[in-house]
Enquirer: 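Just dropping this structure here.
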Number of protein chains: 2
Amino acid sequence: MPDSPRRAGVSAGPRRATLATVAASAGVSVATVSKVLNGRSDVAPATRSLVQSLLRQHEYVAPAPRRAEKGGVASIEVQFDTDLNAYSTEIIQGAVAAGAEAGVGVVVSIRKGSDRTAGWARDLADAGRRALIAVTSELTGRQLAALARARLPLVVIDPLNLPQTRVTSIGSTNFAGGLAATHHLLSLGHRRIAYVGGPATAACNQARLHGYRAAMEAEGAAVPPGYVQAGHFRYHDGVVGGAAVLDLPVAPTAIFAGSDETALGIMEAARARGLRIPEDLSIVGFDDTQIAQMASPPLTTVRQPLREMGGVALRTALRLVAGERVDSHHMELATELVVRGSTARVSGSRAGVRPSSAAESVAPVAQSALAAPAAVSRPAPASTPRPARVSRKPSSRAAATDGKGTPDRTA
Amino acid sequence: MPDSPRRAGVSAGPRRATLATVAASAGVSVATVSKVLNGRSDVAPATRSLVQSLLRQHEYVAPAPRRAEKGGVASIEVQFDTDLNAYSTEIIQGAVAAGAEAGVGVVVSIRKGSDRTAGWARDLADAGRRALIAVTSELTGRQLAALARARLPLVVIDPLNLPQTRVTSIGSTNFAGGLAATHHLLSLGHRRIAYVGGPATAACNQARLHGYRAAMEAEGAAVPPGYVQAGHFRYHDGVVGGAAVLDLPVAPTAIFAGSDETALGIMEAARARGLRIPEDLSIVGFDDTQIAQMASPPLTTVRQPLREMGGVALRTALRLVAGERVDSHHMELATELVVRGSTARVSGSRAGVRPSSAAESVAPVAQSALAAPAAVSRPAPASTPRPARVSRKPSSRAAATDGKGTPDRTA
DNA sequence: GGTCATGTCGAAAAAGTTTCGGAGAGCTGA
DNA sequence: TCAGCTCTCCGAAACTTTTTCGACATGACC
């Protein structure tokens, strides 16, 4: 049987702890330990907590994954730490599809970081989870240790804190995305471009921000103070951050948002000020969630392959469960600029904006800019499915995407 | 050896069948029976099937629901039959929250109706699911029977086909919602109100539509042919349906959409025609998903308590699992109109058009207009760049029509 | 005919759960 | 103070199930 007991890191070692081990060290009978484990009532509180602490200390794990759990009940948990939104939806969709293919159930949960207390990891294992996929979550060292003890492989999507330890993570080429978005705006003639993004500490946000800065710098465009706003990628952050930059003495003509939601918030801030999009203000989002296509005007955005990321995360988790080594601790999937209707040539000159030509000018610029700083892709020390491809030629796609809606800009 | 099967109604009776019971009657060892149960490979096919039949015959059930299974492995599946969207997200969120409270995992899956084949229900049960929550899915009688055979309770959210059999379902007060939305528009002075909704066969759509019709009728407002469009509640349906009604000879001044997504599609159709919202066109959505707040302008919509519905569905499912009777086969949660920025008094309540008189004059015009040209709705299928729109009530709108989509019309 | 691999099976060991009785502790009333 | 009662807490033993490992049979191959 492949799953013989203890095939932990370094095989051999002392045998796994059993009830007897714990009972002996607690000075009680095996029966009592069993009762504690099962929450029976006939155990004195003092005894109970003693046994519980010993159980933890001995890292006791349920030994014989019983029938109920083994056949199909294998499941993988996808855990978010905030309420679900359009971003989550795409991740879930991707994970669920991949799970269906592999025959494992995908359990969705929402768990604030503070809810992940002591028994957390063990509970997951006891509940039949085989692995955990944490989305944009910050995991403490203690939590990582708890997962390891419970033998639960972990995959993180868009890790908030940098992979300080050996956690497997999935992301996208945020730097290239930030670069592409900013280049797109620059190529439309914008010079006063602001960035309204996420938490300053979040790795993905930093990468996007640096992509933006790199593009601005390469073009010699200034980034005045106040042109970079932090937030949490939410709608409200766009309303607030958008208001902040739009009310500056020298307001931007274009804004790059760290997420689609934030971009929509900025749209609202612009609307409240009587600014038309894209005539008076161009906006680029990030993610390409469903809301991007549904915005009015449809949002130009940097597509993050969220479904694929969910799928890759799930398959990676399964590989870890099977005991395989993954080739790389971090994988990045390529982002891609999707041009829709929320960006236009600066100052709203109606004629003369050829989206296709604008788009074509993006790719080479982006690539050259990328080629120079090899250091920039810092977070990706790994074999990725496709290394940082920046922007595909959006001509056909852009037309296809909003073909019905906004014919006026092509004229 | 009291190997009598039947563990009939009365508790006392003969003891429950154990592996030993079955082993004795099969003439094999306990170990062999255990192996069969666990799908081990070292059992001859003949022996295996013999044991299996004996297991069934003795009604063997896993005896000591081990720790693993009791706490967590219980899980409930929430099944969608289309890709996830903002609506799904809210349902999932509600179900996940309720599941966390009850300590059961919520497995999300996407399954087209045709994928639910023979073994489907059995597979679910074997995978540890305790119940199924089907969202906006159409279940055949065969599928219901399969679920019943597998002893899987079912709860349907927003059933598409009417509850022909005894299925438990959760919905919301769609009729009241349709009524409220339409009343809101009527109270703003609108009289030419169109409805762009979902599938004509869907129960929830019918209820919304009838609410709309009831309100219109009560006010004596006409519903000309072409003013009611069907779709699938998706964005694209709004673009198409919105275009269809906006290009009618007598276009509506307000549109009630069957979903938020559809409402956003209508917004896009309006934008493409240079119509401002809410000045030129009022729009009411349905659902109050996250995208409603993020639209620009924020969408007035009928709030459906989707999270609560997800939560109620999950708790109901758990009650069914526990063998309790539910009081009612169908539950409806209350809808509620949420007024945001996408609706306004008809024609902006500016001088020149007195809403009331204009409205009064509309009804007969519309009626006569529809009496004559059955063909008029044909010229503009969807992609009209901008025909000099045929006849938009000339009084205040004519100027707007050729305003080239810019706000100079207000002057 | 040896030998070896493979497939089947069960005895026995291991692990965990549950039952049931008993040791105390605490309370009460005489 | 003490018998009697109840209630809490615990463990020995019985029970259920899983897993290991050796035994045996069978057939293939040399």
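All chains are named by letter (A, B, ...) in the order of the sequence lines, taking the proteins before the strands, and each is independently numbered beginning at 1. Hydrogens, waters and symmetry mates are skipped; everything else that's a heavy atom, side chains included, is used.
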Enquirer: Say whether, by atom type as modelled, one donor and one acceptor occur between the side chain of A:Thr316 and the main chain of A:Val312 under 3.5 angstrom.
Expert: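 Here the side-chain-to-backbone pair exists.
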Enquirer: Can you figure out which of D:dC10, C:dA12, D:dT17 approaches the side chain of A:Val43 most closely?
Expert: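 Looking only at heavy atoms from C-beta outward on A:Val43, the closest nucleotide is D:dC10.
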Enquirer: Can B:Leu132 and B:Gln143 be said to form a side-chain contact (heavy atoms from CB on, under 4.5 Å), step by step?
Expert: CA-CA 12 Å; B:Leu132 175 68; B:Gln143 288 165 345; over 6 Å; no
Enquirer: Would you indicate, yes or no, if C:dG16 has its OP1 or OP2 atom less than 4.0 angstrom from a side-chain nitrogen or oxygen of A:Tyr60?
Expert: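 Affirmative; the distance criterion is met.
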Enquirer: Quick check against the 3.5 Å criterion: does B:Ser137 have a side-chain atom that pairs as donor or acceptor with the backbone of B:Leu139?
Expert: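 Judged by distance alone, no pair lies under 3.5 Å.
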Enquirer: Quickly work out the B:Asp42 CG to D:dT18 C1' distance and round it to whole Å.
Expert: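 It works out to 12 Å between those atoms.
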Enquirer: Which whole-number value in Å describes the distance from A:Arg40 CZ to C:dG16 P?
Expert: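 One finds 15 Å between P of C:dG16 and CZ of A:Arg40, rounded.
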Enquirer: Counting the atoms with a prime plus P, OP1 and OP2 as sugar-phosphate, which does A:Ala44 contact under 4.0 Å by heavy atoms, base, sugar-phosphate, or nothing?
Expert: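 Sugar-phosphate contact only - A:Ala44 comes under 4.0 Å of backbone atoms but never of a base.
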Enquirer: Kindly give the heavy-atom pair with the smallest separation between A:Val135 and A:Asp81, and that separation in Å.
Expert: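 Minimum heavy-atom contact is O-OD1, 4.1 Å.
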Enquirer: Look at the side-chain N and O atoms of B:Thr32 and state whether any lies under 4.0 Å from the OP1 or OP2 oxygen of C:dT8.
Expert: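 For C:dT8, neither OP1 nor OP2 has a side-chain N or O of B:Thr32 closer than 4.0 Å.
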Enquirer: Could you state the atom-to-atom distance from CG of A:Leu19 to C1' of D:dT17 in whole Å?
Expert: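 Value for this atom pair: 14 Å.
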Enquirer: Measure NZ/B:Lys35 against P/D:dT20 and give the value in whole Å, please.
Expert: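 Answer to the nearest Å: 10 Å.
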Enquirer: DNA chain C: B:Ser29 or A:Ala20, which has the more 5' nearest nucleotide?
Expert: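 Looking at the nearest nucleotide for each, B:Ser29 comes out on the 5' side.
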Enquirer: Counting the atoms with a prime plus P, OP1 and OP2 as sugar-phosphate, which does A:Val28 contact under 4.0 Å by heavy atoms, base, sugar-phosphate, or nothing?
Expert: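 Here A:Val28 touches the backbone only, sparing every base.
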Enquirer: Judged by each residue's nearest nucleotide on DNA chain C, which is more toward the 5′ side, A:Thr18 or B:Thr47?
Expert: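 It is B:Thr47, whose closest nucleotide lies nearer the 5' terminus.
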Enquirer: Let's see if you can work this out: which of D:dT17, C:dT17, C:dC9 has an atom nearest to the side-chain heavy atoms of A:Ser34?
Expert: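 For A:Ser34, the side-chain atoms sit closest to C:dT17.
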Enquirer: Rounded to the nearest angstrom, tell me the gap between atom CG in A:Leu37 and atom C1' in C:dA15.
Expert: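 Rounded to the whole Å, the gap is 12 Å.
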